[in-house]
Protein chains: 2
Amino acid sequence: MATLPEGIQLSKINPKFLHSNSTSHVWAFGAFAELIDNAYDPDVGASSLIIDMQKVGTMQCLIIVDNGAGMDKEKLIKMLSFGYCDKGIYNRRESYKPVGLYGNGFKSGSMRLGKDALVFSRCEKSACIGFLSQTYLEAIGADSVIVPILEYSLPDLKRNKDRQCLNNLEAILQYSEFKSEASLKEELNSLKSSVTGTKIFIFNLNRLQSGVGELDFQSDRKDIRCPDPYMADTTNLDCRPLEDTPEYKRSLREYCSILYLRPRMKIIIRGHPVKSKYISKMLYQTEDHQYKPSWMGRNDKPIKIKIGFSCATDCNENYGLMLYHKNRLMRAFERVGYQKQANERGVGVIGVVELDFITPTHNKQDFDRNDHFNSIMSALAGKLNAYWNSKKETQNNDVGKLPDWTWAQCSNCLMWRRLPPGTDGDSLPKHWFCHMNKDAQYNRCFEDEEPDAPADTPRRRRAINKRNKDRLSEVR
Amino acid sequence: MATLPEGIQLSKINPKFLHSNSTSHVWAFGAFAELIDNAYDPDVGASSLIIDMQKVGTMQCLIIVDNGAGMDKEKLIKMLSFGYCDKGIYNRRESYKPVGLYGNGFKSGSMRLGKDALVFSRCEKSACIGFLSQTYLEAIGADSVIVPILEYSLPDLKRNKDRQCLNNLEAILQYSEFKSEASLKEELNSLKSSVTGTKIFIFNLNRLQSGVGELDFQSDRKDIRCPDPYMADTTNLDCRPLEDTPEYKRSLREYCSILYLRPRMKIIIRGHPVKSKYISKMLYQTEDHQYKPSWMGRNDKPIKIKIGFSCATDCNENYGLMLYHKNRLMRAFERVGYQKQANERGVGVIGVVELDFITPTHNKQDFDRNDHFNSIMSALAGKLNAYWNSKKETQNNDVGKLPDWTWAQCSNCLMWRRLPPGTDGDSLPKHWFCHMNKDAQYNRCFEDEEPDAPADTPRRRRAINKRNKDRLSEVR
């Protein structure tokens, strides 16, 4: 950058801003999503992410570990600062767009979940530790946010011995749960297994007004649950009966299973991998629609919509529109059209749409509700109603819905492969790999994913109907 | 503060964060509300606020001028930094609580409305100018947010002549629409009329995707309108007919008229004062209810709810709960209970509630929807339904609704005074003053406002009914 003119004030950040800034995430899982996005985005490009609870000393901490590219000191400082986002330049493939755009995800996400975050990162050239801590800043009475940082050389984890560096170390040892430099180095060494990667500890986890920890690690040892998902509408006494809060709002595992439209990264919660749901490929009687609003440019691609019936066992509760932005979930099960009425119309119908050109809200849990968004939603409501009206024989029929195609995810490359008609999804092994695919065109990990399922031709329709009938008779 | 340990990195702010941070305000008027709150809050304590459009050079700017306490250089730096909020210490009266709490209102509000903000402020001891400008920061390629600031001594507006000060001046003259120091000083002098005060210019106003300016200054020369209020629900095709967007979402004048539960500050939009609406005192058949949720502490005061019928001409559209936080509107006309059904039940009923102990969302346009909030909303829905059921004779009766009491606002002290029964509100002069009140207990400006209207006793009820009948016969 150009040299700054001398004597002009720097805008500062008060330590209290760390909390203010995090209040944008009302829902705790929205904060998790920010941290998951950071690992997912192409600048880090992790293929696996671990979310777990770990005790450090006597304190319960949240840990988030990815095997991505890691950060050097310069990148770590940006991560601990506000608004530095150069994810755009890592966008090599058109289909792999970064979710991050505001340069605020780590700050708002981590500080929403707890008071303090300690970041260990190992990139190709160095290993670093950074400390964003409200506890520390309060204790020293800081009037600006400062972030202790340590940098170690590789492979032997040596650091500078000067006083300045020592000040950073002392701050971390005094105010984090790590009480010796050896224990810090141990964490850096643990990242060696994936060559590069980042491990985030979040301490002093947020508590509810009642004093109970906000995250529930007890009810399900394989999950992290959010007993208070902050989103119930308790004022709707008489309309369509108030459903229970959908499971994805309470279960991190469930939320992660639908967080990305095309899952690319293995997420492991408390030791058990999340089985991701490829929602748009799990529908019954899928139809592909296109829609081009009048305000779209001549060269813009029309919006693609997949509509079908949910095959899930909870299809009477979880239905509506799934709205994604650059592969990331923004709104789930958004009821539209008939589905807002107090009757059975529209029940079970799911629409899947990706709206990359509409701006997400500040906390990335919704879209800005501008005129473009509104016109799209209105059109989608109409399409969903029309779909329902055209499917008289399937309406209110609770049994016999099976996905039009069976898809399997490769445990190695994480790509989804469409299996030949007649393949029984339940018969697949727990760990499935591309080379098991009988379709020779898509049986190697380096092959791209099939662009999309073929259109619903009458011939295919008949094949599916036959298969479904066969399956049904098996079930009965 | 304590001396900071040497060599620890400062967390920085990228210029792009100014935009990111402002995206929290989806609705433009939500950004106005932040700037209005700043003038309203007790640390500034303005009694009047001017919002207008002004041309500077050839550019249309938004101006916001208050006659409050003004800022010295130190306070101005805090206003241009993030998270500095010490409004709590100015809280002299229990009933006058500051709305601000996040130390982010000016930044998120001004940068939502335009790219650049120039602040002129005059306090008792000095006059200052501060410049928060995305245009400037982009032009110089800054990698952190820096804020040019000038400080002038009073009364003769002298400043330091050194190079550093000159750098600040040059930045402002080069990148703002003010091209000479004389024109800057002119603005500082214009604040002399109110002794102290602050004037904010917002340049390069936000434009819609279509390229049109977001704010409409043309349709109504006495108002600022927002043609795209970003909030319509276009997916509800068949439920209770989709109402037009309520006027307060489109008209700044209308929004300002309900922005504070107990208005204290005169707001003048484009030369014409806003006639504030004291909603809780403009209802027909008002009932006072109290409610104490089980989770409230023994010493906590119960929640007070006023329920009544709207007397407004638009009462068939604008009804529901008015939810305030520390006197400031958070949600308007929130439909609950019966009002969510596709029938006539609950139409026209308004409930007014102040929930100081529930945390507002990041953009102060809603409450955090936690378990406490949800339990309150559920109880309020029940109360509103019960009120409706008890008012069989008033339901669906469009004529004859007049407020239970007539109130007048003093043009001098802005306090509201209840007028004796039988006073005709329409007969009051345009500028009404406390000394015109026939009630000797409340006919001087230094008297506090009446704590609350007396309970609805049978005797009072009869008096009101008689008055309403008289009025009705006049109307017919």
Side-chain angles (χ1 to χ4, degrees), chain A residues 1-2 4-14 16-17 20 23-24 26 77 80-84 102-104 140-149 163-164 167-168 171 209 228 230-232 234-239 336-338 340-341 361-362 368-372 374 377-378 381, chain B residues 1-2 4-14 16-17 20 23-24 26 77 80-84 102-104 140-149 163-164 167-168 171 209 228 230-232 234-239 336-337 340-341 361-362 368-372 374 377-378 381 385:
Chain A
M1 64 170 284
L4 288 181
E6 199 195 347
I8 299 189
Q9 279 280 345
L10 207 61
S11 178
K12 295 186 296 177
I13 309 160
N14 190 292
K16 285 183 189 150
F17 188 69
S20 317
T23 58
S24 152
V26 177
I77 291 173
L80 302 176
S81 293
F82 290 80
Y84 295 85
Y102 293 134
N104 193 24
I140 65 166
D143 81 340
S144 303
V145 174
I146 55 175
V147 282
I149 288 180
R163 183 66 236 168
Q164 300 198 345
N167 284 340
N168 285 274
Q209 280 158 312
D228 184 15
Y230 286 86
M231 279 180 168
T234 51
T235 65
N236 209 338
L237 299 180
D238 303 85
C239 243
V336 296
Y338 289 157
K340 290 201 160 177
Q341 298 178 338
T361 57
H362 190 252
D368 276 6
R369 312 230 140 191
N370 59 22
D371 45 357
H372 289 179
N374 289 339
M377 289 303 280
S378 170
Chain B
M1 64 172 283
L4 289 182
E6 200 194 346
I8 299 189
Q9 279 280 346
L10 207 60
S11 178
K12 295 187 297 178
I13 309 160
N14 189 291
K16 285 183 189 149
F17 188 69
S20 316
T23 58
S24 153
V26 176
I77 291 172
L80 302 175
S81 294
F82 290 79
Y84 295 84
Y102 293 134
N104 194 24
I140 66 167
D143 82 339
S144 303
V145 174
I146 55 173
V147 281
I149 288 180
R163 184 66 236 168
Q164 301 199 343
N167 283 341
N168 285 273
Q209 280 157 312
D228 184 14
Y230 286 84
M231 279 181 169
T234 51
T235 64
N236 208 340
L237 299 179
D238 303 85
C239 243
V336 295
K340 291 200 160 178
Q341 298 177 340
T361 56
H362 191 252
D368 276 5
R369 311 228 141 191
N370 58 21
D371 45 357
H372 288 179
N374 289 339
M377 289 303 280
S378 171
N385 286 359

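Keep in mind that what you see is a predicted model, and the values were worked out from it rather than measured.
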Practice task
Could you check if a side-chain atom of B:Y84 sits within less than 4.5 angstrom of a side-chain atom of A:S144, using non-hydrogen atoms only?
Solution key: yes
Exercise for the section: Give the minimum heavy-atom separation between A:V147 and B:S11, together with the two atoms involved. Expected result: CG2-N, 4.3 Å
Exercise for the section: Could you grab the distance from atom CG of B:N167 to atom CD1 of A:I8, nearest 0.5 Å is fine? Expected result: 5.5 Å
Completion exercise
Closest heavy-atom pair, A:L10 versus B:I146, reported as atoms and distance to 0.1 Å, is CD1-CG2, 3.5 Å
Problem - Residue selection (most heavy-atom pairs with chain A, distance under 4.5 Å) from B:I149, B:I77, B:L80, B:N168 - result: B:N168
Practice task
Please check if the side chain of A:N104 supplies one atom and the backbone of B:F17 the other of a donor-acceptor pair under 3.5 Å.
Solution key: no
Problem - All side chain to side chain donor-acceptor pair (under 3.5 Å) counterparts of A:S24, not counting sequence neighbours - result: A:H362
Handout entry: salt bridge (charged side-chain N to carboxylate O under 4.0 Å, His left out) involving A:K12 - partner list, sequence neighbours excluded
Key = A:D143
